[in-house]
Amino acid sequence: MTELSTPAPAAAPRSQWLDVWDQFKSHRGALMGGVLFVSILALVLVGPFVYWNDAKFVPTGRDFLRLRDMRPIYTALWDSGAKMDWAYPLGTDNLGRDTLARLMFGGRVSIAVGMAAMVLALLVGTLVGVVAGYFKRLDGLLMRLTDLFLALPLLPMILVAAVLFRESLAQAIGPEGGVFVLIVCLIGITSWMPTARIVRGDVLAIKEREFVLAARSVGTTNSKMVIRHILPNVLSPIMVSATLGIATAIIAESSLSFLGFGFPPDFPTWGRLLNDSVDRMILYPERVIFPGLLISLTVLSVNYLGDGLRDALDPRIRGR
Amino acid sequence: MLTFTIRRLILAVPTLLFISLAIFLLLELAPGDPMAQVPLTVPAEVKEKMRLALGLGEPMHIRFWKWLVQFFWIEPQVLIDSLFGTSFAEDKLRVISWQTRSPVMDIVVQRLPQTLSVVGTAYIVAILIAIPIGIYSAYKQYSWFDQLGTFVSMVGFSVPPFFSGVLVIVIFSVQLGWFPSIYDTTHKVTDWESFLYQLKQMIMPVMVLALQITAQLSRFMRASMLDNLNQDYVRTARAKGLGEYVVVMVHVLRNSMIPVVTVIALGIPSIFGGAIITEQVFKVNGIGQLLIGAIQANDLPMVQTLTFIFAVLIVLFNLIADVLYGILDPRIRYD
């Protein structure tokens, strides 16, 4: 009697996510983008707890004259007479509010809008994509709907809706919450189409695979099939469009705020801060450059992150 | 090919109807009131008459029908009248702007040249830059030129036009004083001097717009070239002893241009949308600024018409792209 001996594996099998991480690490741009994005997140999330000035504080009386229009501290390098104070590293605006504190506050709002709009767009896009791909009867209808949405002139319609619905939503939820909900919904329901198309394509391909047939033969119901078998397999395109969705949502929100259709000036986002400073950019160019630079860096880092994720999650590239 | 084109043309009609309905309903169901700016001392019956004068008294479906008739039946007649000197549209009610009380289309026609000159130049400049970049970075894949191109196009994707525009204003017009920061639309080109000024004031808006378009187009061109460079027919062409220039610039380029041409066609309407922001930054007195002003002034007929013009452009260029694809690539004829 010979014993069948299976040699013990030398090491524990590598998990899929470890492979993904290894591939991701080899993409230098993505790694740098990730580091940059995390540090910007840390700046706007942790910053206000560490930093001593309050974003909403408006000095009055004599303080107002003393504190307004302060230049950033580095201005002293070439202009020793510039009005600056070490307590206000990036200076103050024309109402004496601290620029750095406002940048942190604006970043919180900008990134929150970006994330929330991305989640909304992803939910709608995945739902439409999965339903269209899985149920043949609804496919034509839902894809025509997607085409129609793609043919809409989105930016003009968002602008119009942002003006028309602002008042009533502000009365219902409050001025800041109302604008937040309005802008997140507007961006969300106008940017789900690419996700829906990608997800539909993937679902159509996965539906024909043997494991789906096997699952069906043991009597899996449609809802279980979608949740247990289809969704995990389309996770990677969804994750990629999630990262890219944050970037487009942040740009869309800043464009709205830049055109004056977004958040109010006392509840600023980066786009709003940029818009407010354009009139005085000849005297104070730094007030335009800081928010613009932050928007650009955030979007750039998220785009690189998405690029790296796309490569890392693609098993055909990962093996090499 | 002809049946395909006709089928797409017919399909475009319900699409446009749906879009016009969506725009109409968006404006209709919004809770704003165009009479909100009227002083409270005005009596209610006078207000009612003012609403009727603005064409607001009728039920919704009648007003939608009236707007459709005005846009698709009366405005084309006006166009024919002005082209051939006929008088089809005499005494017919046109779409009237609430701001200026003059026909909306007349204002649009006044503003169109400014937008077209800036956006059109930017698009041509972008195509001329993007295609050589795309060809070269595909031919020398992973070279330093390719890496640089990838980085620059990533920056072009990521920097929003309202920042790049403001940045070039700060650098080139505030610090260096080379170019004017405001686009003067009343400027007339009469001689060499004024032509130089026109060139100077166009450089910054055109560059800002072109950066964005170049970023997308050059990536697309590169990907398309890479797809073709590894095909069998390229090996055949090289094997029969053709020069490298002929292989790349004639055989590969012609095939790679097929998807790029359709992307160029598809991008034209989105440029009108993107130009809204650039026009705002450089104070170009074009369609985008007209739209922003109309939204702020609650001028609903103007907003409706402009948004619909954008929609027509999108549908039209989608159609053109589809037909172009069929003409250029006989493998993808749809019928």
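Worth saying up front: this structure is predicted, and the values here are computed from it rather than measured.
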**Prompt:** Between A:Ser254, A:Pro291, A:Ala161, which has the largest tally of heavy atom pairs under 4.5 Å with chain B?
**Reply:** A:Ser254

**Residues in side-chain hydrogen bond (donor to acceptor under 3.5 Å, both in side chains) contact with B:Arg219, at least two apart in sequence or another chain** = B:Thr150, B:Ser153

**Fill in**
Bottom line for B:Ile295: the part with an atom under 4.5 Å from chain A's heavy atoms is both

**Part of B:Phe308 lying under 4.5 Å from any heavy atom of chain A** = neither

**Asked** chain A heavy atoms under 4.5 Å from B:Phe18: which part of the residue, side chain, backbone, both or neither?
**Response** side chain

**Request:** To the nearest 0.5 Å, tell me how far A:Asp147 CG sits from B:Asn318 CG.
**Result:** 8.5 Å

**Asked** Where do A:Ala151 and B:Thr15 come nearest, in terms of heavy atoms and distance?
**Response** CB-CG2, 4.5 Å

**Message:** At a 4.5 Å cut-off on heavy atoms, which part of A:Ala247 comes close to chain B: side chain, backbone, both, or neither?
**Reply:** neither

**Prompt:** Considering only heavy atoms from C-beta outward, does the side chain of B:Leu26 approach that of A:Phe165 to under 4.5 Å?
**Reply:** yes

**Asked** Is it the backbone or the side chain of A:Ile250 that comes under 4.5 Å from a heavy atom of chain B, or both, or neither?
**Response** neither

**Asked** Based on non-hydrogen pairs under 4.5 Å, which of A:Leu293, A:Asp307, A:Leu154 is most in contact with chain B?
**Response** A:Leu293

**Prompt:** Under a 4.5 Å heavy-atom cut-off, does chain B meet the side chain of A:Val160, its backbone, both or neither?
**Reply:** both

**Asked** When rounded to the nearest 0.5 angstrom, what is the spacing between CG in A:Leu148 and CG in B:Leu16?
**Response** 10.0 Å

**Request:** Measure the CD1-CD1 distance between B:Ile171 and A:Ile289 for me, rounded to the nearest 0.5 Å.
**Result:** 7.0 Å

**Prompt:** For chain B, which residues from residues 299-306 of chain A have at least one heavy atom closer than 4.5 Å to it?
**Reply:** A:Val299, A:Leu300, A:Asn303, A:Tyr304

**Item:** A:Thr298 portion near chain B, given a 4.5 angstrom heavy-atom threshold
**Value:** neither

**Message:** Rounded at 0.5 Å granularity, tell me how far CD1 in A:Ile251 sits from CZ in B:Phe163.
**Reply:** 11.5 Å

**Complete:** Output for pair (B:Ile314 CD1, A:Leu152 CG), nearest 0.5 Å, gives 7.5 Å

**Asked** In this structure, are over 12 heavy atoms from other groups packed under 6.0 Å from B:Phe145 atom CZ?
**Response** yes

**Message:** Less than 4.5 Å apart, side chain to side chain, heavy atoms only: is that true for A:Asn275 and B:Phe162?
**Reply:** no

**Message:** Measuring from atom CD1 of B:Ile292 to atom CG of A:Leu259, what distance do you get when rounded to the nearest 0.5 angstrom?
**Reply:** 4.5 Å

**Item:** Max heavy-atom pair count under 4.5 Å with chain A, selected residue of B:Ala311, B:Ala294, B:Ser158
**Value:** B:Ser158

**Message:** Given heavy-atom pairs under 4.5 angstrom as the criterion, report whether the side chain, backbone, both or neither of A:Val278 touches chain B.
**Reply:** side chain

**Request:** Side-chain contact test, heavy atoms from C-beta onward, threshold under 4.5 Å: evaluate it for A:Ile295 versus B:Pro160 and give yes or no.
**Result:** yes

**B:Ile309 portion near chain A, given a 4.5 angstrom heavy-atom threshold** = neither

**Asked** Given a strict heavy-atom distance threshold of 4.5 Å, which part of B:Val159 is in contact with chain A: side chain, backbone, both, or neither?
**Response** both

